[in-house]
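Written below as structure tokens is the structure these notes are about.
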Protein chains: 2
Amino acid sequence: MKISTRFSDSIHILAFISIYQGKIPLTSDNIANSVETSPVVVRRIMSQLKKAGLITTVHGAADPKLAKDPANISLYDVFLAIEHDQHLFTVDDKTNPQCIVGGNIQDTLRYYYKQVETSAKAKLARISLADIIDSIIVKQAQKTNKKG
Amino acid sequence: MKISTRFSDSIHILAFISIYQGKIPLTSDNIANSVETSPVVVRRIMSQLKKAGLITTVHGAADPKLAKDPANISLYDVFLAIEHDQHLFTVDDKTNPQCIVGGNIQDTLRYYYKQVETSAKAKLARISLADIIDSIIVKQAQKTNKKG
DNA sequence: CTTTATGTAACTTTATTAGTTACAATTAAG
DNA sequence: CTTAATTGTAACTAATAAAGTTACATAAAG
């Protein structure tokens with residue numbers, strides 16, 4: 001029972017674009033090297049991020065940009081872009097309607113699952129890409145400090 | 001992003017046992033008929049519910065029972081029994097450690113995902129099997145009332 | 001123009017879940 | 001006791017979704 005790594009990879013890509021903007025060429029190949037996947041997978045994800053209005057890209061040019069300030073991109077925005085608001089829990093929609101339980105469990109679970117999912121989404125909405133980037137920068141600084 | 005129906009089916013089975021206790025034989029076959037799956041799938045789930053101490057069963061006899069009052073069984077108890085506390089979100093653990101992003105994104109996401117998951121689990125912990133059963137009973141009553 | 005890159009379709013591989021078959025172990029009823 | 005019904009579980013198959021690959025048309029940029 002889990003959300004695919006696409007969600008994590010999407011956040012990774014957005015953070016990468018923000019951090020390495022102007023420092024190295026932001027080719028799908030360079031990004032894929034950081035995510036450790038193929039450039040096609042990266043482009044596929046970026047295509048969705050573009051559709052959702054989170055980044056801008058130019059066909060043929062290696063120059064993706066965040067379409068908004070990282071402080072104004074929440075993890076829920078990314079979730080919606082990539083997972084199309086899919087559910088965290090799945091209701092089994094093949095139950096016996098003749099049975100008291102089978103005939104009423106679906107609506108019942110939908111009602112309660114929605115509460116749980118709303119709670120999770122609200123948290124996601126409160127975490128920004130800027131939070132993620134800050135955390136990455138700080139962790140990196142701690143590492144280099146230990147070494148030096 | 002594929003989420004198994006096992007969690008929903010588990011709640012279904014528990015509600016079924018509670019509602020049909022003493023009314024019809026609680027064979028895995030009868031339960032499977034309500035869930036619209038095979039008796040083996042039902043027995044497999046019940047085996048886990050038993051291990052988690054949510055039900056009691058007797059080998060060879062069709063007599064499963066809830067081990068606790070439905071008011072004292074939360075959806076989180078069921079979640080733990082069936083999903084073994086698996087994560088709702090998956091961190092991609094194959095990222096480039098040489099890269100600032102790839103080398104720090106995993107811990108960063110684990111930290112923030114944990115907050116989101118805790119929020120969801122807290123909600124699950126506040127919903128009891130009794131809530132589910134009540135909801136099923138009320139919905140059924142509404143149906144029969146409309147018809148009559 | 002030639003090289004490099006994106007965007008996307010179509011396909012293959014891999015992993016997970018659901019469902020099936022089979023059977024030993026157990027219960028319960030005559 | 002013996003027989004029929006049932007659980008518990010292993011091993012297998014089928015279905016499905018995600019991840020990765022191949023291929024190529026299209027666009028950008030020197």
Side-chain angles (χ1 to χ4, degrees), chain A residues 1-10 12-13 16-17 20 24-52 55-65 79 81-84 86-96, chain B residues 1-10 12-13 16-17 24-52 55-65 81-84 86-96:
Chain A
M1 162 163 184
K2 38 174 80 162
I3 301 278
S4 75
T5 57
R6 238 179 320 175
F7 181 47
S8 292
D9 290 344
S10 302
H12 185 142
I13 291 168
F16 190 94
I17 291 172
Y20 283 103
I24 62 168
L26 296 176
T27 61
S28 57
D29 218 71
N30 278 340
I31 299 173
N33 185 49
S34 173
V35 181
E36 285 195 355
T37 182
S38 84
V40 177
V41 170
V42 169
R43 295 204 289 272
R44 207 184 283 161
I45 289 173
M46 286 176 69
S47 170
Q48 292 194 268
L49 296 175
K50 182 183 187 178
K51 273 180 197 156
I55 62 172
T56 59
T57 64
V58 183
H59 191 174
D63 191 27
K65 287 171 187 154
F79 181 84
I82 294 302
E83 304 287 354
H84 304 106
Q86 273 206 68
H87 294 291
L88 267 36
F89 302 97
T90 303
V91 173
D92 188 344
D93 57 2
K94 195 188 57 125
T95 61
N96 190 343
Chain B
M1 165 168 173
K2 157 124 193 232
I3 297 149
S4 84
T5 56
R6 240 179 320 175
F7 181 46
S8 292
D9 290 345
S10 301
H12 185 143
I13 290 167
F16 191 95
I17 290 171
I24 63 167
L26 297 177
T27 60
S28 58
D29 217 72
N30 279 339
I31 299 173
N33 185 48
S34 173
V35 181
E36 285 195 356
T37 184
S38 84
V40 177
V41 170
V42 170
R43 294 204 290 271
R44 208 183 285 162
I45 290 174
M46 287 176 67
S47 170
Q48 293 194 266
L49 296 175
K50 182 183 187 177
K51 274 179 197 157
I55 62 173
T56 59
T57 65
V58 182
H59 192 173
D63 192 26
K65 288 172 187 153
I82 294 302
E83 305 285 353
H84 304 105
Q86 270 206 70
H87 294 292
L88 267 36
F89 302 95
T90 305
V91 172
D92 188 344
D93 56 3
K94 195 189 54 126
T95 62
N96 189 343

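Proximity of A:R6 to the phosphate of D:dA19: a side-chain N or O atom is located under 4.0 Å from OP1 or OP2. OP1 or OP2 of D:dG8 has at least one side-chain nitrogen or oxygen of B:K50 nearer than 4.0 Å.
Using a 4.0 Å heavy-atom criterion, one finds that B:K94 contacts the sugar-phosphate atoms exclusively.
When distances are taken from the side chain of B:A62 to each of D:dG20, D:dT7, C:dA22, the shortest belongs to D:dT7. Picking from C:dA22, D:dA19, C:dA18 the nucleotide with the shortest atom distance to the side chain of A:S4 gives D:dA19. Nearest nucleotide to the A:S47 side chain, out of C:dG7, C:dT20, C:dT8: C:dT8. Between C:dT17, D:dT9, D:dT26, one nucleotide has an atom nearer to the side chain of B:Q86 than all others, and that is C:dT17. Of the candidate nucleotides D:dG20, C:dT20, C:dA18, C:dT20 has the atom lying nearest to any side-chain atom of B:S38. Among the nucleotides C:dT20, C:dA10, D:dT22, the one closest to any side-chain atom of A:R44 is C:dA10. For B:R43, the side-chain atoms get nearest to C:dA22 when compared with the rest of C:dG19, C:dT6, C:dA22.
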Quiz prompt | Working for side chain to side chain donor-acceptor pair (under 3.5 Å), residues B:S34 and B:H12 | solution = CA-CA 9 Å; B:S34 173; B:H12 185 143; 2.8 Å; yes
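Remark: side-chain polar atoms of B:N30 are paired, donor with acceptor, to backbone N or O of B:P25 under 3.5 angstrom.
A heavy atom lying under 4.0 Å from DNA chain D marks the following residues of residues 26-35 of chain B, by number: B:L26, B:T27, B:S28.
Using cut-offs of 30° and 60° on the angle between ring planes, the pair A:F79 and B:F89 is perpendicular.
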